[in-house]
Amino acid sequence: ILRILIASLLETVRFKYAEASLKFYQSQGWIDSKAFILCRPPEVQQVVEILSKNESSSIDSSRLHLCYPEPPLYEEETIWTDYLNITVST
């Protein structure tokens with residue numbers, strides 16, 4: 001039980017640190033101000049939800065930009081990004 005608790009706490013700290021770091025970088029102009037900040041590599045379902053919210057809010061953007069912390073995705077994992085007109089960066 002202690003190992004599970006430690007792993008959960010470490011993941012929570014990592015998640016919050018990644019979020020705070022990326023938002024700071026965005027506020028400094030190092031990341032596009034219109035980019036969506038994610039704390040983990042994007043999953044297809046998550047991107048579909050972002051796209052549907054983007055369409056319903058009538059935000060005019062030709063290409064969605066997602067930014068998340070390392071590690072970068074492999075080419076096999078990003079085939080769907082071009083299909084959905086998405087830019088992904090770390």
Q. After noting the C-alpha distance and the side-chain angles of Leu66 and Ile50, does the key distance pass the side-chain contact (heavy atoms from CB on, under 4.5 Å) rule?
A. CA-CA 10 Å; Leu66 303 175; Ile50 291 172; 4.1 Å; yes
What closest approach, in Å, do [X] and [Y] show between heavy atoms, and which atom pair accounts for it?
X	Y	answer
Tyr68	Arg40	CB-O, 3.4 Å
Pro42	Val47	CB-CG2, 3.9 Å
Pro71	Pro41	O-CG, 4.2 Å

Tell me whether Ser52 contacts the main-chain N or O of Glu49 through its side chain, where contact means a donor paired with an acceptor under 3.5 Å.
yes
Check your understanding: Judged by atom type as modelled, is there a donor-acceptor pair below 3.5 Å linking the side chain of Glu19 to the main-chain atoms of Leu38?
Key -> no
More than 12 foreign heavy atoms under 6.0 Å from CD of Glu75: is that the case here?
no
Query raised in the report: Would you say Gln46 has more than 12 foreign heavy atoms packed within less than 6.0 Å of its CD?
Result: yes
Find the distance between [atom1] ([X]) and [atom2] ([Y]) and round it off to the nearest 0.5 Å.
X	Y	atom1	atom2	answer
Ile31	Phe24	CD1	CZ	10.5 Å
Leu10	Leu5	CG	CG	9.5 Å
Leu22	Cys67	CG	SG	5.0 Å
Glu11	Cys39	CD	SG	9.5 Å

Margin query: Applying a strict under-4.5 Å side-chain criterion to I, L, V, M, F, W and Y, I'd like to know whether Tyr83 and Val48 cluster together.
Written below: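 Yes, because Tyr83 and Val48 connect within a single hydrophobic cluster, where side-chain heavy atoms sit under 4.5 Å apart.
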ask   = Shared ILVMFWY cluster between Leu84 and Leu64, side chains joined below 4.5 angstrom?
value =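 Yes; tracing contacts between hydrophobic side chains, which count when under 4.5 Å, links both residues.
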Give me the one residue out of Thr87, Ile86, Val88 that meets side-chain contact (heavy atoms from CB on, under 4.5 Å) with His65.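 So, applying the side-chain contact (heavy atoms from CB on, under 4.5 Å) to His65 and each of Thr87, Ile86, Val88, only Thr87 qualifies.
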Residues passing the ring pair (Phe, Tyr, Trp, His ring centres under 6.0 Å) test with Tyr25, sequence neighbours excluded, are Trp30
